[in-house]
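The structure appears right after this line, and notes come after that.
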Number of protein chains: 2
Amino acid sequence: MARPESNGGSRAATLSDVARLAGVSLATASKAINGRDQVAATTRQRVIEAAESLAFTPNALARSLTAGRTGTVGLLTSDLEGRFVIPILMGAEDAFGAGQINVFLCDARGDAIREQHHLKALLNRRVDGIIVVGRQTDPRPSLGHDLPVPVVYAYAPSDDDTDVSVTPDNVTGGRLAAEHLIATGRRRIAHISGDPAYAAAQDRTVGVQAALAGAGLELVGDVLYSEWSEHWGRDASALLLASHPDVDGIVCGSDQIARGVLDTLRDLGKRVPEDVAVIGYDNWEVLATNSRPELTSIDANLKQLGRAAAMRIFDAIDGIEPDTGVHHLPVRLVIRGSTIPRR
Amino acid sequence: MARPESNGGSRAATLSDVARLAGVSLATASKAINGRDQVAATTRQRVIEAAESLAFTPNALARSLTAGRTGTVGLLTSDLEGRFVIPILMGAEDAFGAGQINVFLCDARGDAIREQHHLKALLNRRVDGIIVVGRQTDPRPSLGHDLPVPVVYAYAPSDDDTDVSVTPDNVTGGRLAAEHLIATGRRRIAHISGDPAYAAAQDRTVGVQAALAGAGLELVGDVLYSEWSEHWGRDASALLLASHPDVDGIVCGSDQIARGVLDTLRDLGKRVPEDVAVIGYDNWEVLATNSRPELTSIDANLKQLGRAAAMRIFDAIDGIEPDTGVHHLPVRLVIRGSTIPRR
DNA sequence: CTGTTAGCGCCTTCAG
DNA sequence: CTGAAGGCGCTAACAG
């Protein structure tokens with residue numbers, strides 16, 4: 001392991017070390033290193049060589065102190081465990097990385113106290129902006145408006161409409177799912193979803209209903225709500241098929257539920273997609289591409305959501321006034337074998 | 001959204017603002033705020049009130065500049081997508097959070113160039129230490145020894161034995177899995193694993209073989225290697241049962257594979273665990289607790305691994321010499337219905 | 001107990 | 001084109 005002492009016992013080289021070695025003043029060294037033009041080419045060369053021979057690394061802290069901006073952003077998540085949080089992180093980290101900004105990761109683990117604690121730490125560190133990533137699409141409490149930096153809420157929108165939030169368009173997602181089943185000729189469509197307390201469940205149902213209404217159809221049976229699990233998918237579909245054996249399409253509230261549905265249909269001897277088409281939600285690849293048949297699903301483009309949040313922070317840092325409110329970002333349909341038979 | 005301007009156009013309050021308002025000197029204000037004892041109680045009270053009324057936040061950058069340490073650590077991951085990386089991040093973030101250290105998250109996305117880039121950025125920001133998290137347990141190139149900060153490698157150990165690495169003990173994991181099947185009375189045990197190019201696959205196999213040898217048993221058939229997928233689990237187990245219909249226990253290289261195995265066994269009319277016991281690996285809860293029956297598995301304690309890495313960084317920062325080399329951290333058996341019938 | 005004085009490492013005027 | 005001086009916000013000696 002590299003240890004501080006392994007560096008010869010000397011602390012990191014500083015700009016004045018470089019200046020001294022190059023035989024110039026501190027100011028000149030600074031200009032040379034930072035590519036300012038008021039310095040002779042030969043001098044610059046000499047400085048750069050000196051810097052290299054000392055393994056000089058500019059101290060970003062000192063730089064930030066005067067610059068007023070640190071080139072860092074806080075990523076405040078409510079729960080890293082959440083499967084939806086990770087792709088958003090990735091998208092944001094990616095977008096910032098390209099812009100030379102580094103990201104502080106803070107996991108509040110669903111605890112408001114811890115969140116306040118982390119928020120304070122981020123402000124102490126003078127981050128240039130904060131992205132708050134929630135685990136559900138239900139609105140969450142705003143951090144408030146008396147913060148000295150721009151804040152964007154991702155996935156879980158702020159409950160304050162004068163904040164800036166980005167979240168997936170679940171209503172459209174539900175609509176796309178149902179419309180796809182209708183487009184493949186299904187007419188007796190049911191909907192099995194997860195925990196009805198989630199806005200995601202309600203929003204998707206709204207979309208499904210809208211699509212059916214648009215096609216002059218009605219949902220087969222009531223929406224079946226319970227939890228976001230494979231087990232529930234198995235049970236719910238057994239229930240559904242018992243009362244409505246003629247169902248020919250099932251919109252599922254999640255891929256996990258859809259996996260359970262596929263299981264039960266197989267047990268009951270129903271062919272997918274010939275007898276019943278099944279569509280999931282989330283496009284969780286591990287589940288969707290390993291089922292038999294592979295699962296058509298709705299992808300919320302979460303990486304892009306993360307990127308979008310990052311872009312809005314960028315803009316805000318640059319002084320561009322953001323349009324406040326909740327922005328519903330587009331989702332997309334990913335078609336696989338559970339709705340369209342393979343040829 | 002909170003914007004800098006929303007703060008009344010004034011920049012953040014500084015310590016001298018506080019001092020002025022409280023009618024004391026800068027140094028006294030500093031002492032009062034930081035709980036030093038050489039300050040009168042009444043004075044301290046006055047300063048604290050002034051600070052509050054100005055919403056003063058100490059500037060961590062300025063503080064770090066003199067302190068020599070920043071209270072930040074870099075988390076350099078090779079691939080955030082990797083399922084194993086996240087729990088390690090969580091464990092590390094958690095451990096650091098408790099110690100008031102903040103974490104820079106950098107995703108190199110498997111690219112060595114990007115990794116160097118991020119490394120440089122972390123050093124510019126004067127992190128106090130770096131944890132390098134890999135996506136596989138195969139050794140990875142060392143970052144080298146000429147770094148001014150301690151480095152710990154997690155999951156993917158460094159290929160340099162004088163570095164400090166923590167990684168799960170896959171050999172013991174394989175052994176625990178096989179021993180458990182043996183303990184439940186199985187004698188005709190097979191092993192279906194993933195990509196043989198992974199050290200994880202090889203190590204687990206070694207453990208399985210050792211357990212069998214210890215019980216005077218031999219593996220049924222050859223180890224079946226291909227990929228870490230449910231599909232492969234289905235295919236491999238079909239193959240296995242065709243040539244060895246008398247198998248009564250299957251150690252799987254991952255939970256995904258095990259899920260596929262369960263599928264095929266059900267198709268073939270084999271009861272689990274009565275006819276064949278199945279054990280997975282990774283204890284990926286979403287998969288393990290949603291199968292029929294639920295899946296016994298080996299848990300690598302990844303959160304703890306992340307915590308362990310953090311602890312070693314803590315120690316190194318405190319000047320404690322770490323013991324170099326690869327540390328294999330304990331794994332644990334999680335028993336569910338796929339190996340022990342429910343009563 | 002309180003205040004004054006130096007810096008930490010860097011960048012940015014402003015003279016030379 | 002180069003150098004000297006001031007300051008970013010804070011803390012750690014020292015004096016008083």
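Reminder, nothing fancy here: chain letters follow the sequence lines and each chain counts from 1.
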Any heavy-atom pair between the side chains of A:I33 and A:P58 that's under 4.5 Å? no
Name each donor-acceptor pair under 3.5 Å that joins a side chain in residues 85-104 of chain A to protein atoms two or more places apart or in another chain, with its distance.
from	atom 1	to	atom 2	distance (Å)
A:E93	OE2	B:D107	N	3.0
A:D94	OD1	B:R109	NH1	3.2
A:D94	OD1	B:R109	NH2	2.4
A:Q100	OE1	B:H117	NE2	3.3
A:N102	OD1	B:R125	NE	3.0

Is there any ring-ring contact (aromatic ring centres under 6.0 Å, His included) pair reaching into residues 14-48 of chain B, and which pairs are they, with sequence neighbours excluded? none
Nearest-Å distance, CG (A:L15) to P (C:dC10)? 5 Å
Sorted by first residue and then second, give each salt bridge (charged side-chain N to carboxylate O under 4.0 Å, His left out) pair with at least one member in residues 148-159 of chain B; sequence neighbours left out. none
Check each residue of residues 52-66 of chain A for a non-hydrogen atom within less than 4.0 Å of any atom in DNA chain D, then write out the ones that pass by number, or none. A:L65, A:T66
Test applied, side-chain contact (heavy atoms from CB on, under 4.5 Å); reference residue, A:D315; option that passes from A:V152, A:V164, A:I320: A:I320
Set of residues satisfying side-chain hydrogen bond (donor to acceptor under 3.5 Å, both in side chains) with respect to B:T28, sequence neighbours excluded: B:S25
Not counting sequence neighbours, list each pair that qualifies as a side-chain hydrogen bond (donor to acceptor under 3.5 Å, both in side chains) and has a residue in residues 40-51 of chain B. B:Q45-B:E49
Side-chain N or O of A:R44 less than 4.0 angstrom from OP1 or OP2 on D:dC1? no
For B:S16 and D:dC10, is the shortest distance between a side-chain N/O and OP1 or OP2 below 4.0 Å? no
Is there side-chain contact between B:V127 and B:V73, with heavy atoms separated by less than 4.5 Å? no
Contacting residues from residues 22-35 of chain B, given that a heavy atom lies under 4.0 angstrom of DNA chain C: B:V24, B:S25, B:A27, B:T28, B:K31
Within residues 116-126 of chain A, which residues have any heavy atom lying less than 4.0 Å from an atom of DNA chain D? none
Quick note, ring-ring contact (aromatic ring centres under 6.0 Å, His included) partners involving residues 43-86 of chain B, not counting sequence neighbours, are B:F84-B:Y155
Which whole-number value in Å describes the distance from A:Q45 CD to D:dT2 P? 13 Å
Is the closest side-chain heavy-atom distance between A:H327 and A:T167 below 4.5 Å? no
Enumerate the salt bridge (charged side-chain N to carboxylate O under 4.0 Å, His left out) contacts for residues 30-43 of chain A, please, sequence neighbours excluded, ordered by first and then second residue. none
Could you give all pairs that pass the salt bridge (charged side-chain N to carboxylate O under 4.0 Å, His left out) test and reach residues 111-122 of chain A, with sequence neighbours left out? A:D111-A:R114, A:E115-A:R140
Could you state the CG-C1' distance from A:D37 to D:dT2, rounded to the nearest angstrom? 14 Å
Among B:D323, B:I317, B:V151, find the one that has a side-chain contact (heavy atoms from CB on, under 4.5 Å) with B:R312. B:D323
Rounding to an integer number of Å, can you tell me how far B:R69 CZ sits from D:dC10 C1'? 16 Å
For the helix from C:dC1-D:dG16 to C:dG16-D:dC1, what angle lies between the axis at the first five pairs and the axis at the last five pairs, to 10 degrees? 50°
Quick check on D:dC10: is either OP1 or OP2 less than 4.0 Å from any side-chain nitrogen or oxygen of B:T14? yes
